[in-house]
Amino acid sequence: MSRKMISLENVTRVYNQGRPNEVRPVNEVSLDIGHGEILVLKGPSGSGKTSLLALVGCMIRPTSGRILVAERDVAKLPERFLTGVRRDTFGFVFQQLHLIPGISVLENVMLPLYPLEIGFTAAKRRALELTEQLGLTHRKGFKVEALSGGERQRVAIARALINAPQAILADEPTAHLDAGLSGELMQIFETLRGQGKTVVIATHDPLVHDSPLIDRVATMRDGRILDGDG
Ligand SMILES: Nc1ncnc2c1ncn2[C@@H]1O[C@H](COP(=O)(O)OP(=O)(O)OP(=O)(O)O)[C@@H](O)[C@H]1O
């Protein structure tokens with residue numbers, strides 16, 4: 001693996017601790033993620049992929065264990081610092097995309113930049129670059145509800161890239177795509193890796209976890225990564 005970017009050391013996440021409905025979606029997971037690699041988290045529904053992705057992206061905190069981002073332990077950082085780490089390090093592509101209807105592709109892509117610290121012109125320039133990179137220039141003025149599934153997915157990726165994150169975290173990114181579009185999406189991830197970005201994908205789609213374009217697969221089962229996969 002290339003130089004380490006994120007390390008999880010013995011990370012556990014518990015919900016409803018001590019109650020009859022206690023769950024451990026992530027149970028004593030240790031995992032190193034390198035700079036510029038495509039890592040796939042695979043496993044059946046409910047095995048803990050989304051929860052692990054949320055821990056990697058500092059969206060939820062571990063109940064125990066350490067999470068190191070660029071060798072800094074983020075698990076115990078106060079929320080205001082954690083928000084900064086999250087914003088500066090990660091771009092998220094959620095399963096449900098969470099695009100905003102009624103506004104244009106370009107406006108959706110620019111959203112994470114608000115409140116604008118870099119000025120409207122610079123923000124728009126960056127959004128235009130990303131829409132071009134993702135083949136959306138001809139759709140930039142369209143409202144997102146007028147787009148196809150594959151186009152919407154690419155808008156979500158452009159939006160995830162607007163903060164120039166080091167890593168893209170994508171949850172079931174091919175869920176609404178056919179085989180051809182899934183292949184195109186994998187090419188986009190490969191291009192991002194070529195730009196030095198880390199890509200972590202949670203999926204149970206064989207088109208993704210069997211793709212020759214990925215570097216590594218970690219298989220989850222009942223909150224754990226199976227031996228030899230981490
Ligand atoms: N906030 C929560 N409160 C209680 N239980 C939760 C919470 N989040 C996740 N879980 C439980 O943790 C387990 C793992 O869920 P998770 O969404 O991480 O799995 P997954 O592998 O991503 O599943 P899928 O492929 O269906 O999205 C599930 O049993 C789920 O119900």
Side-chain angles (χ1 to χ4, degrees), residues 6-33 37-69 74-77 79 82-83 85-86 89-99 149-150 152-153 156-157 159-160 165 167-179 181-183 185-186 189 198-211 214-230:
I6 303 155
S7 285
L8 276 68
E9 297 177 355
N10 228 13
V11 168
T12 295
R13 171 72 201 205
V14 185
Y15 288 109
N16 308 320
Q17 195 159 20
R19 299 203 208 117
N21 56 347
E22 177 176 305
V23 272
R24 275 168 198 258
V26 176
N27 197 359
E28 294 183 5
V29 165
S30 294
L31 176 69
D32 288 333
I33 304 172
E37 75 163 337
I38 303 181
L39 169 70
V40 168
L41 306 174
K42 80 164 184 180
S45 180
S47 58
K49 305 179 298 294
T50 299
S51 304
L52 187 59
L53 206 61
L55 284 161
V56 167
C58 306
M59 295 178 75
I60 57 172
R61 290 172 188 272
T63 308
S64 61
R66 295 206 311 160
I67 298 179
L68 306 174
V69 177
V74 293
K76 296 194 175 66
L77 274 186
E79 190 52 41
L82 200 61
T83 304
V85 172
R86 199 157 48 217
T89 315
F90 300 106
F92 297 93
V93 182
F94 298 99
Q95 198 168 351
Q96 301 304 334
L97 302 185
H98 300 310
L99 300 177
R152 285 179 205 206
Q153 190 73 48
I157 295 173
R159 188 184 55 185
I168 291 286
L169 309 181
D171 198 0
E172 299 288 358
T174 58
H176 309 292
L177 305 182
D178 63 23
L181 288 172
S182 298
L185 187 66
M186 294 312 292
F189 288 141
T198 300
V199 180
V200 186
I201 307 166
T203 189
H204 39 53
D205 181 355
L207 287 173
V208 177
H209 58 69
D210 293 341
S211 165
I214 67 173
D215 296 303
R216 211 152 53 97
V217 176
T219 308
M220 293 197 74
R221 198 68 38 96
D222 297 331
R224 295 181 186 268
I225 289 180
L226 298 186
D227 281 351
D229 261 6

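Source: prediction; values computed, not measured. Order of listing sets the numbers, starting from 1, for every ligand and every atom in it. Values below: all heavy atoms of this structure, side chains included; hydrogens, waters and symmetry mates excluded.
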Sorted by chain and residue number, the residues having a heavy atom closer than 4.0 Å to an atom of ligand 1 are Tyr15, Val23, Pro25, Pro44, Ser45, Gly46, Ser47, Gly48, Lys49, Thr50, Ser51, Glu172, His204
- Message: For the backbone of Gly43 and the side chain of Lys49, can you confirm whether one donor and one acceptor N or O come within less than 3.5 Å of each other?
- Response: yes
Atom pairs and distances, side-chain donor-acceptor, residues 57-69, under 3.5 Å, sequence neighbours left out:
| unit_1 | atom_1 | unit_2 | atom_2 | d |
| --- | --- | --- | --- | --- |
| Arg61 | NH1 | Ala75 | O | 3.0 |
| Arg61 | NH1 | Leu77 | O | 2.9 |
| Arg61 | NH2 | Leu77 | O | 2.8 |
| Arg61 | NH2 | Glu79 | OE1 | 3.3 |
| Thr63 | OG1 | Val14 | N | 2.8 |
| Arg66 | NE | Glu9 | OE1 | 2.9 |
| Arg66 | NH2 | Glu9 | OE1 | 3.2 |

Q. Can you tell me if CG on Asp210 sees more than 12 non-hydrogen neighbours from other groups inside 6.0 Å?
A. yes
Is the ring pair Phe90/Phe92 parallel, tilted or perpendicular, if the boundaries are 30 and 60 degrees?
tilted
Looking at Gln153 and Gly149, would you say the former's side chain and the latter's main chain have a donor-acceptor pair under 3.5 Å?
no
Looking only at heavy atoms, the pair that brings Glu37 and Asp32 closest together is OE2-O, 4.1 Å
